[in-house]
Amino acid sequence: MNRLDAYDKAVIVRDNLKLMWVIHENIEGMNPEELNLYRMGIQTFLLQAQEEIEGVIEALEETSEDDE
């Protein structure tokens with residue numbers, strides 16, 4: 001993975017985290033069905049963020065090995 005791919009992954013994570021905060025700020029007044037969808041959405045975003053960050057870490061490790 002190159003630096004551009006790592007950058008794209010970091011942007012995806014940032015944007016997902018921003019979206020999660022917007023959703024979280026509107027949690028008040030949700031009914032049980034909406035809360036269930038909220039939980040599933042947060043889990044989905046967190047799993048995707050973990051995968052993307054793993055890619056960023058791998059890219060940074062490759063870059064640091066290349067620098068040595």
Side-chain angles (χ1 to χ4, degrees):
M1 175 184 303
N2 60 36
R3 286 182 174 207
L4 185 57
D5 290 336
Y7 176 81
D8 287 343
K9 288 182 178 294
V11 169
I12 289 169
V13 172
R14 182 199 62 200
D15 291 347
N16 280 343
L17 290 172
K18 284 181 179 180
L19 180 58
M20 287 169 55
W21 273 115
V22 169
I23 294 169
H24 183 73
E25 289 174 347
N26 294 305
I27 195 171
E28 295 297 322
M30 287 186 181
N31 63 41
E33 182 180 334
E34 292 171 330
L35 285 172
N36 190 42
L37 290 172
Y38 166 77
R39 286 186 199 104
M40 289 188 318
I42 294 297
Q43 289 172 347
T44 301
F45 289 135
L46 290 174
L47 289 172
Q48 182 182 6
Q50 287 175 327
E51 291 173 10
E52 300 295 347
I53 288 298
E54 287 299 323
V56 172
I57 290 169
E58 288 174 14
L60 292 173
E61 287 172 347
E62 289 173 7
T63 303
S64 68
E65 289 173 1
D66 293 342
D67 292 342
E68 292 177 355

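Model, not experiment: these values are computed from the prediction. This chain uses plain numbering: 1 for the first residue, then up along the sequence.
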Go through the structure and list residues passing side chain to side chain contact (heavy atoms under 4.5 Å, CB included) with Ile42, not counting sequence neighbours. Met20, Tyr38, Leu46
If you measure from CE on Met30 to CG on Asn36, what distance do you get to the nearest 0.5 Å? 11.5 Å
Does one hydrophobic cluster hold both Ile27 and Leu17, with members joined at side-chain heavy-atom distances below 4.5 Å? yes
Keeping to residues at least two apart or across chains, list the salt bridge (Lys or Arg N to Asp or Glu O under 4.0 Å) pairs with something in residues 14-42. none
Sequence neighbours left out, what passes side-chain hydrogen bond (donor to acceptor under 3.5 Å, both in side chains) with Asn16? Give chain and number order. Gln48
Interatomic distance, CD1@Ile23 vs CG@Leu19, rounded to 0.5 Å, equals 4.0 Å
What pairs of residues pass the ring pair (Phe, Tyr, Trp, His ring centres under 6.0 Å) test when at least one of them lies in residues 9-33, not counting sequence neighbours? Trp21-His24
By the rule that ILVMFWY residues connect when side-chain heavy atoms come within less than 4.5 angstrom, directly or transitively, which residues belong alongside Tyr7? Val11
Met40: hydrophobic cluster co-members (side-chain, 4.5 Å): Leu37
In short, salt bridge (Lys or Arg N to Asp or Glu O under 4.0 Å) pairs touching residues 40-52 with sequence neighbours left out are Lys9-Glu52
